[in-house]
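Below: the structure, in structure tokens.
Counting starts at 1 for both ligands and their atoms, in listed order.
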Amino acid sequence: MVPLLTSKAQRAACWTDRLGIPTPVQAPRAGCIGRHISIPSRPARKPPACLSVRKDAGAEEQAGESQPHEPAPETVLSSSSELHTSLTTAKAMATVRVDAFHVASTPCSPRGTFAGGPLARSSHLSDLVGEASGGGGLAAAGIGSKEPVSVLEKDEDTLAGVERAAKVYCQGELLHLVQTAGIFEDSKEFVDMPMRVDPEVVLARFQALLPALRRDTEVLRAFLTQYFTAPGSDLVEHVPPDHSDSPALLLSLADHAPYQRWAAELNHFWKQLCRKVSDDVFLNPQRYSILRRTHPVVIPGGRFRESYYWDSYWIVLGLLACDMKDTARGLVQNLLDDVANFGFVPNGGRIYYLNRSQPPLLSEMVLALVEHDPSGINEAFVSEALAVLEGEYRFWMQDGERAISVSPPPVRASTQSQTWTSSTPNTSQQAEPPAQQHVLNRYWTASIHPRPESFKEDLHHAGLADCAQGFYANIAAGAESGWDFSSRWISPCDKGEYALERITTTDIIPVDLNTFLYRMERNMARLHDYLLARQMGPGCGTPEAKAEPPRETRWKVPPDSRESWLSPKAQKFAEASAKRALAMDQLMWDQETGMWRDLWMPASGKGTSNLFTAAHFAFGEVRPASNFLPLWGRVLDNPTLCSVAPRRKLAALDGLARSGLIVAGGVRTTNVETKEQWDCPNAWSPIVHMIIDGLENLGAGDADRLARSLAKAWLESNYLGWASTGYMYEKYNGKVPGARGEGGEYYPQVGFGWTNGVVLHLLKTYGKFLKHEAAAPPSTESPAEQ
Ligand SMILES: OC[C@H]1O[C@H](O[C@H]2O[C@H](CO)[C@@H](O)[C@H](O)[C@H]2O)[C@H](O)[C@@H](O)[C@@H]1O
């Protein structure tokens with residue numbers, strides 16, 4: 001039996017409260033009732049005296065027991081041929097069957113909002129990822145790699161468990177009715193609740209209820225109490241053995257007592273945020289939405305009671321700042337295991353996240369581990385990681401899905417400085433055949449259902465959208481971007497307003513995603529050569545070996561700027577990175593604003609051509625901070641851009657200063673104020689960190705000074721928030737230092753994994769600049785306010 005209450009320390013009010021870790025829900029709370037389009041809502045009623053919820057037959061009941069199913073007439077999710085992608089994903093990877101999957105195409109593409117079918121297929125990838133990439137039923141189902149990554153063993157039990165659990169958490173009438181009954185304020189609550197018995201038993205019990213009772217809110221509440229336990233009980237607290245109360249970082253902050261105390265507390269927080277998957281998840285994976293994890297995880301906190309893909313990068317940096325390299329390595333190994341099991345890293349560690357990934361930063365994490373402790377990482381790990389990363393690369397390069405061919409519009413030379421908006425006419429009709437074809441990437445999913453964890457919210461917006469299926473694909477792709485949600489992805493209406501139902505993520509080729517993939521290509525080239533140098537031993541003839549003592553060379557990852565490569569694999573990934581750097585420069589760089597710009601493909605849903613010749617800058621008025629992430633990615637250091645790099649660097653520095661994004665509390669996410677959380681005035685740790693890091697390493701103008709003043713402003717804002725409330729927020733208000741950010745589809749969270757990670761990393765990097773300063777009160781002046 002799964003314990004109803006979580007561990008002792010979690011019950012300690014002080015810590016749970018400050019970390020935003022929810023206490024177990026004993027009784028479901030009443031909440032708002034979302035709009036739903038399929039099943040008419042009913043007023044909540046008192047249960048009738050003869051309430052026919054049967055007594056729990058217990059866990060001993062045989063799995064697979066089923067009662068005749070009487071589907072709700074208007075239920076849209078219960079057809080077995082329309083399995084949710086999360087289920088088909090796992091199933092596909094488990095059985096490598098290609099026939100049973102739902103093909104993600106849809107007849108509607110209003111406003112170009114859905115690009116579900118095969119689009120432009122890239123042509124020059126086969127030598128990098130093999131002929132198996134792209135096309136086929138798996139690709140059409142958004143499953144990623146056609147070939148599982150064989151270097152790590154797949155966990156067949158997990159996959160079988162996922163398939164069974166998905167029948168409750170990802171599809172069907174029970175999910176629909178619970179999520180639309182208004183029982184929980186937060187839609188994520190239900191899909192995180194473990195089952196007391198097998199899913200087949202739960203579903204059979206549910207089907208045994210009279211149809212009218214299934215729709216009765218009080219009956220549903222009673223049903224949940226009987227068959228489910230509290231969210232959060234599937235992960236148990238775990239004190240990582242490599243945690244120390246006095247890591248070297250604390251000593252280095254000795255001259256700056258307030259920050260030293262703060263760092264000590266954040267270091268302590270790792271113990272509160274670290275979790276192990278409970279034993280019963282290993283015995284009965286089918287009863288849980290949590291994915292089994294071999295190694296402990298570090299959760300963000302609050303409603304985010306599982307691991308997240310891109311959050312993990314900043315958590316890893318923070319752990320390394322506290323010398324917790326074993327815990328960091330375990331986190332990375334879990335993500336590598338994901339690629340082995342599913343062909344990609346899912347958005348987060350629950351089965352309902354299996355229909356999408358998140359910003360691909362796994363290679364960055366592997367690199368961080370190797371650079372932190374080269375002699376502690378053995379060759380087998382690097383070699384295995386590289387094979388797995390290749391699998392992940394294959395997932396992202398599925399042509400026609402996340403990878404597409406783009407050509408510059410022939411009119412580009414004369415419209416270099418033109419700002420395109422959603423209403424700009426598509427001039428591709430008059431275009432000459434393009435001279436050069438590039439392959440770039442976008443966020444994409446095959447999902448045609450509401451996100452289970454945001455079910456009622458998605459139903460509501462789908463009801464307002466021109467095409468519900470297109471909306472579901474685009475909203476899930478928006479979640480894949482990590483920027484869920486932002487004006488970046490929303491086609492503004494004529495009045496200039498950003499309504500979520502107009503989300504059109506798959507029509508956009510984002511600067512940040514292409515930066516992340518550029519880094520993946522670059523990192524893999526570097527890691528391949530690093531591995532070869534280590535395998536060959538000292539004096540292996542690398543360019544660095546000639547200049548440095550051989551022993552040093554063996555343990556050092558070659559610099560990002562390396563031009564000649566030893567290993568053929570490294571050479572190929574370096575070539576891919578050069579192509580991408582060139583494409584980003586030719587298509588995304590906007591000289592007028594001094595930034596890279598997301599591309600908008602208004603023709604993407606029309607599918608008449610294999611090439612997008614009409615890629616223009618996305619919604620002209622939106623200036624996201626992600627436009628500057630190529631600085632973090634060192635894209636301008638690619639040898640192929642050496643002739644333009646010096647002036648681009650200065651122009652980008654100037655562009656950032658002119659962008660208006662730098663504010664008193666760091667870097668605001670965009671310049672547009674909407675109700676979404678990835679917009680103005682919010683400032684998010686991952687973005688602020690990448691901007692700081694990019695500036696620090698730019699080597700142009702006074703970029704490093706700006707980096708330091710931004711780091712100072714960000715630390716002061718986070719410190720102010722912590723000192724006045726005890727909380728570390730998930731996001732901050734960039735305009736009001738210390739204030740929490742707002743907006744979006746859930747209540748602002750505290751805890752918080754990546755926030756703590758960035759602070760600890762910045763304290764480690766910039767501590768030496770801080771220690772001579774007095775503990776000045778946080779400034780309200782922007783370091784470069786416009
Ligand atoms: O439940 C709604 C959405 O929540 C997640 O997104 C937000 O939190 C994540 C964890 O910190 C973070 O990675 C993401 O950038 C945030 O926007 C989740 O990732 C979404 O998929 C989910 O729909």
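Considering backbone and side-chain atoms alike, W684 places every N or O at 3.5 Å or more from each N or O of ligand 1. Residue-to-ligand polar distances place D484 within reach of ligand 1: an N/O pair is separated by less than 3.5 Å. Residue contacts with ligand 1: F304 is placed with no nitrogen or oxygen under 3.5 Å of a nitrogen or oxygen of the ligand (distance criterion only). Residue-to-ligand polar distances keep Y353 apart from ligand 1: every N/O pair is separated by 3.5 Å or more. Between W754 and ligand 1, no N or O atom pair is found at a separation short of 3.5 Å. For the pair R303 and ligand 1, the shortest N or O to N or O distance falls below 3.5 Å. Annotation: K188 places no N or O atom under 3.5 Å from an N or O atom of ligand 1; distance criterion only.
The proximity of W483 to ligand 1, defined as any non-hydrogen pair under 4.0 Å, does not occur for either the backbone or the side chain. Counting heavy atoms closer than 4.0 Å to ligand 1, residue Y309 contributes nothing at all. Residue contacts with ligand 1 for F752 involve side-chain atoms from C-beta outward but no N, CA, C or O (heavy atoms, distance under 4.0 Å). Within the 4.0 Å heavy-atom criterion, neither part of Q749 lies near ligand 1. Residue-level proximity to ligand 1 for N347 is carried by the side chain, the only part with a heavy atom below 4.0 angstrom.
Between K735 and E742, no side-chain nitrogen of the basic residue sits less than 4.0 Å from a carboxylate oxygen of the acidic one, so the salt-bridge criterion is not met. With respect to K456 and E745, no salt bridge is recorded, no charged nitrogen being found less than 4.0 Å from a carboxylate O. Using a cut-off of 4.0 Å between Lys/Arg side-chain N and Asp/Glu carboxylate O, R442 and E480 are scored as not salt-bridged.
If you check which protein heavy atom lies closest to atom 13 (O) of ligand 1, you get D311 OD1, 2.6 Å. Of the protein's non-hydrogen atoms, Y746 OH, 3.4 Å is the one closest to atom 7 (C) of ligand 1. Residue, atom and distance of the protein heavy atom nearest to atom 15 (O) of ligand 1 are G482 O, 2.6 Å.
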When you look at Y169 and Y288, which way does the ring pair (Phe, Tyr, Trp, His ring centres under 6.0 Å) test go after all the steps?
CA-CA 9 Å; Y169 296 117; Y288 298 88; 8.6 Å; no
What verdict does the ring pair (Phe, Tyr, Trp, His ring centres under 6.0 Å) test give for Y746 and F304, after you've listed the backbone C-alpha separation in whole Å, the side-chain angles of each residue and the deciding distance to 0.1 Å?
CA-CA 11 Å; Y746 55 84; F304 299 116; 5.1 Å; yes
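Note that R519 lies in the cation-pi zone of W632, set by a 6.0 Å cut-off to the ring centre and a 45° limit from the axis. Judged by the 6.0 Å distance and 45° axis criteria, R488 is not positioned over the aromatic ring of W678.
Screening D338, D234, D337 for a salt bridge (Lys or Arg N to Asp or Glu O under 4.0 Å) involving R293 leaves a single residue, D338. Here the rule is ring-ring contact (aromatic ring centres under 6.0 Å, His included) with W754, and of Y729, Y313, W684 only W684 fits it.
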